[in-house]
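Working notes, beginning with the structure itself.
On a predicted model such as this, the values are computed, not experimentally measured, just so you know.
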2 protein chains.
Amino acid sequence: MSHSKHNHSEKLNLVLSHLPEDSLLCDLGDLFKVFGDTTRMRILFALFQSELCVCAIAEVLHMEQSAISHQLRILREAKLVSSRREGKTNIYFLADDHVRAIIEMGYEHLTEKA
Amino acid sequence: MSHSKHNHSEKLNLVLSHLPEDSLLCDLGDLFKVFGDTTRMRILFALFQSELCVCAIAEVLHMEQSAISHQLRILREAKLVSSRREGKTNIYFLADDHVRAIIEMGYEHLTEKA
DNA sequence: CTATCATATGAATATAAGTTCATATGAATG
DNA sequence: CATTCATATGAACTTATATTCATATGATAG
C-alpha cells in the first residue's frame, strides 16, 4: 500500500482509462530501444549516406563483422532496415523515411535543450 | 583485419566523412534509450493526460513510489519532463512537445509496419 | 565438389539497466 | 521541534543487452 492518504481517485481513474494498452506501450518502448544504442545509431547514419554491405559497415565503423551482423538483425526485426542479396554480399538499406524523421526529432530535442 | 579483399575505400571514406561525431551519436542513442522502456513510456503517456505528482503516477501505474522516482530522474535528466514543488508534493509534467512528436512518429512506424 | 568469401548465429562473457528495500531529505502541521 | 507525509537516493539483486569467439550457412568460382 503506497501513500493512499490522498484520494485523487476520480482524476486518476480518468488518466488510467486513457492509457493505451500495455502491448502498445511495450511495442513503442521496444521500437525506441532499437534507436537507443550508439552502434545501431552509427549504422543508421551510415545508411543515410548509402546502402552498404555488412563488411562495408564493419569497416566504416571499425567493428567486427559479427557485432554488426547481430545489430543488423535487431534493426531488421524492427523494420528499420531491409536487405537484399547481391551475389555473395548482403546489401542493407533503410526501410523507410520514419527512421530519418524520428532521428531528426531527437536531434531537434537535443539541440534545443543544449 | 576484417574481409579486406574488397576495396571500397573511396566510397567508404566518403560515408565515414559524413558521419556525425561520436558524441552526437552517443547523445542521440542516450536520448532514445530514455524512450526505450515501458515504465517510462507509461509515465509519459500518463503525463499526456495531466500533470501528476509522484505518488499519483505510482498509483496509476500500480508501481512502487521508489521505482517511479528513479525513472522520473532519468526523464528529468533527459529534459523530457520537468517538475515543480507544490507544498509537500512534486508535480511532474512534460517538458515540451518533442516528446509527443517523437512518440507519434514511433507510433506511425509501428502501425504502418503492422 | 572443394575452396573461398560474405554473412549469420549460438554460446559465453561482461556490462548496463530496472526494481526493490532501507533510509535519507525536505516541507508542512500541530 | 517532533511527527508525518511526499519524494529522493544508495546499495543490492536480477535481468537484459552488446560484444566476442567459434563455427555454421550460403553463394560463387575454379
Side-chain angles (χ1 to χ4, degrees), chain A residues 1-8 12 22 25-26 29-44 47 51-78 81-93, chain B residues 1-8 12 22 25-26 29-44 47 51-78 81-93:
Chain A
M1 190 91 36
S2 52
H3 309 272
S4 341
K5 298 294 165 63
H6 263 173
N7 189 356
H8 14 220
L12 294 198
D22 267 6
L25 293 165
C26 199
D30 286 345
L31 173 62
F32 286 114
K33 204 171 290 184
V34 177
F35 288 97
D37 175 79
T38 308
T39 297
R40 288 191 291 269
M41 195 57 71
R42 296 205 298 155
I43 293 176
L44 292 174
L47 295 179
E51 54 178 33
L52 292 166
C53 69
V54 179
C55 77
I57 299 172
E59 279 188 52
V60 169
L61 306 192
H62 302 295
M63 289 183 61
E64 295 204 1
Q65 171 268 321
S66 176
I68 299 299
S69 224
H70 279 295
Q71 296 306 329
L72 283 172
R73 184 176 50 75
I74 294 171
L75 289 166
R76 229 187 309 121
E77 284 170 358
V81 306
S82 304
S83 67
R84 68 169 186 280
R85 207 171 240 290
E86 242 174 52
K88 282 186 279 192
T89 73
N90 247 342
I91 312 288
Y92 280 81
F93 48 93
Chain B
M1 191 93 32
S2 51
H3 309 271
S4 338
K5 296 295 164 57
H6 263 173
N7 188 354
H8 13 223
L12 295 198
D22 267 6
L25 293 165
C26 198
D30 287 346
L31 172 62
F32 286 115
K33 203 172 292 182
V34 177
F35 288 96
D37 175 79
T38 307
T39 298
R40 288 190 292 268
M41 195 57 72
R42 296 205 297 154
I43 293 175
L44 292 175
L47 296 180
E51 54 178 33
L52 293 166
C53 69
V54 178
C55 77
I57 299 173
E59 279 188 51
V60 170
L61 305 193
H62 303 294
M63 289 183 62
E64 296 205 0
Q65 172 269 320
S66 175
I68 300 298
S69 225
H70 279 295
Q71 297 307 329
L72 284 172
R73 185 176 49 76
I74 293 171
L75 289 166
R76 231 187 309 120
E77 285 171 356
V81 306
S82 304
S83 67
R84 68 169 186 278
R85 209 173 238 288
E86 241 174 52
K88 280 185 281 194
T89 72
N90 247 343
I91 313 287
Y92 279 82
F93 50 91

### Query
Once you round it to whole Å, what is the distance between P of D:dT19 and CG of A:L72?
12 Å
### Query
Would you say the side chain of B:H70 lies within less than 4.5 Å of the side chain of B:I74, judging by non-hydrogen atoms?
no
#### Entry: Residue list, salt bridge (Lys or Arg N to Asp or Glu O under 4.0 Å) with B:R76, at least two apart or on another chain
none
### Task
Can you figure out which of C:dT7, D:dT17, C:dG18 approaches the side chain of A:N90 most closely?
C:dT7
Please list, pair by pair, any protein nitrogen or oxygen found under 3.5 Å from a nitrogen or oxygen in nucleotides 24-29 of chain D.
none

### Query
What integer distance in Å separates B:D30:CG from D:dT17:C1'?
15 Å
### Task
Quickly work out the B:I74 CD1 to D:dG10 P distance and round it to whole Å.
13 Å
### Whole-Å distance separating the CZ atom of A:R42 from the C1' atom of D:dA18
13 Å
### Query
Relative to the 5' end of DNA chain C, which residue comes earlier, A:S66 or B:G36, by the nucleotide with the nearest heavy atom?
A:S66
### Message
Can a donor-acceptor pair be found, under 3.5 Å and without considering hydrogens, that links the side chain of B:R85 to the backbone of B:G87?
### Response
yes
### Query
Which nucleotide in the set C:dT7, C:dT9, C:dG18 lies at the smallest distance from any side-chain heavy atom of A:Q65?
C:dT7
### Query
Taking only N and O in the side chain of B:R40, is any of them less than 4.0 Å away from OP1 or OP2 of C:dA17?
no
#### Entry: Spacing between B:E64 atom CD and D:dA6 atom P, to the nearest angstrom
16 Å
### Summary
Atom CD1 of B:I68 and atom P of D:dT7 are separated, to the nearest Å, by 11 Å
### Task
Fit a plane to each ring of B:F32 and A:F35, take the angle between them on a 0 to 90° scale, and name the class: parallel (under 30°), tilted (30 to 60°) or perpendicular (over 60°).
tilted
### Message
Of the options D:dA6, C:dT9, D:dT9, whose atoms approach the side-chain atoms of A:S69 most closely?
### Response
C:dT9
### Any donor-acceptor pair under 3.5 Å from A:R40 side chain to B:G29 backbone
no
### Atom-to-atom span, CE of A:M63 to C1' of D:dC21 - whole angstrom
14 Å
### Query
Using the rule for Phe, Tyr, His and the six-membered ring of Trp, do B:H70 and C:dT19 stack at under 5.5 Å and under 30°?
no
### Query
For C:dA17, does either OP1 or OP2 sit under 4.0 Å from a side-chain N or O belonging to B:Q71?
no
### Query
In whole angstrom, what separates B:R84's CZ from C:dG26's P?
21 Å
### Message
Please check this pair: side chain of A:R42 against backbone of A:L44, looking for a donor-acceptor N/O pair closer than 3.5 Å.
### Response
no
#### Entry: Nearest-0.5 Å distance that lies between atom OG in B:S83 and atom CZ in B:F93
6.5 Å
### Message
Strictly below 4.0 Å: does A:T39 bring a side-chain N or O up to OP1 or OP2 of D:dT19?
### Response
yes
